[in-house]
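Notes to accompany the following structure.
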Amino acid sequence: MAESLSVSGTTKKEKYESLLPQIKALIEGETDFIANLSNIMSALKFGMDFFWAGVYFVKDQQLVLGPFQGPVACTRIGFGKGVCGTAWKEKRTIIVEDVDQFPGHIACSSLSKSEIVLPAFDKSNNVTLILDIDSEHLATFDETDKFYLEQVITIISKCAS
Ligand code: SME
């Protein structure tokens, strides 16, 4: 695996283009899912300078906190609750420009101002986990993040199986 990250570029697109091959290299040859998720979350948080990057696993009809990088977070989220539970229920990526405007948003940190949440699916189209990325700034995430983070979801889904 790669030992360190070096993200180049000035635009968001350039940074993701630089980061994605490094994420693939990070997990190459390693089969342990938790180890790989842990490194992917670190690569996202520090590579893209996000406030928080982590996953929640679908377990016993709840979302349960998994590997993450950033401040401590709530450990369990119900179906349909918050942004994460809504993305699980609606099986879709959700971009929130201002968390204060999202009804039922769960504030793990008052510093988080915007977020993007993406579901990963198994072969039967059931949601298996949720990727949650938070920013300290308003309106950080857009279709570019969705495009590249959905590629990260594909990488995660491949290393889950
Ligand atoms: N804000 C999320 C909860 C998870 S934390 O942000 C890490 C939500 O509303 O689902």
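Just so you know, ligand 1 is whichever comes first in the structure, and atom 1 is the first atom listed for that ligand. Just the heavy atoms: all of them, side chains too, but no hydrogens, waters or symmetry mates, feed the values below. Quick note: residue numbers are just sequence positions, from 1.
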N/O donor to acceptor pairs below 3.5 angstrom from side-chain atoms of residues 69-89, sequence neighbours left out:
residue, atom, partner, partner atom, Å
Arg76, NH1, Gln62, OE1, 2.9
Thr86, OG1, Gly82, O, 2.5

Result block: side-chain N/O donor-acceptor pairs under 3.5 angstrom for residues 91-104, not counting sequence neighbours:
residue, atom, partner, partner atom, Å
Lys91, NZ, Asn125, O, 2.8
Arg92, NE, Glu90, OE1, 2.7
Arg92, NH2, Glu90, OE1, 2.8
Thr93, OG1, Glu150, OE2, 2.9
Asp98, OD1, Asp100, N, 3.0

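- With Asp145 contributing its side chain and Asp142 its backbone, the two residues share a donor-acceptor pair below 3.5 Å.
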query = Can you list the steps and then say if Leu19 with Leu44 is a side-chain contact (heavy atoms from CB on, under 4.5 Å)?
reply = CA-CA 8 Å; Leu19 182 63; Leu44 286 172; 4.1 Å; yes

N/O contact list for ligand 1, threshold under 3.5 Å:
residue, atom, partner, partner atom, Å
ligand 1, 1 (N), His105, NE2, 3.2
ligand 1, 1 (N), Ile106, O, 2.7
ligand 1, 1 (N), Glu115, OE1, 3.4
ligand 1, 1 (N), Glu115, OE2, 2.9
ligand 1, 6 (O), Asp132, OD2, 3.4
ligand 1, 6 (O), Asp134, OD2, 2.8
ligand 1, 9 (O), Val83, N, 3.0
ligand 1, 9 (O), Ile106, N, 2.9
ligand 1, 10 (O), Val83, N, 3.0
ligand 1, 10 (O), Cys84, N, 2.8

task = Run the numbers on Trp52 and Cys108 for side-chain contact (heavy atoms from CB on, under 4.5 Å), then give the verdict.
result = CA-CA 10 Å; Trp52 195 92; Cys108 293; over 6 Å; no

For residues 126-134, tabulate all N or O donor-acceptor pairs below 3.5 Å that involve a side-chain atom, not counting sequence neighbours.
residue, atom, partner, partner atom, Å
Asn126, ND2, Asp122, OD2, 3.4
Thr128, OG1, Ala120, O, 3.3
Asp134, OD2, Ser112, OG, 3.1

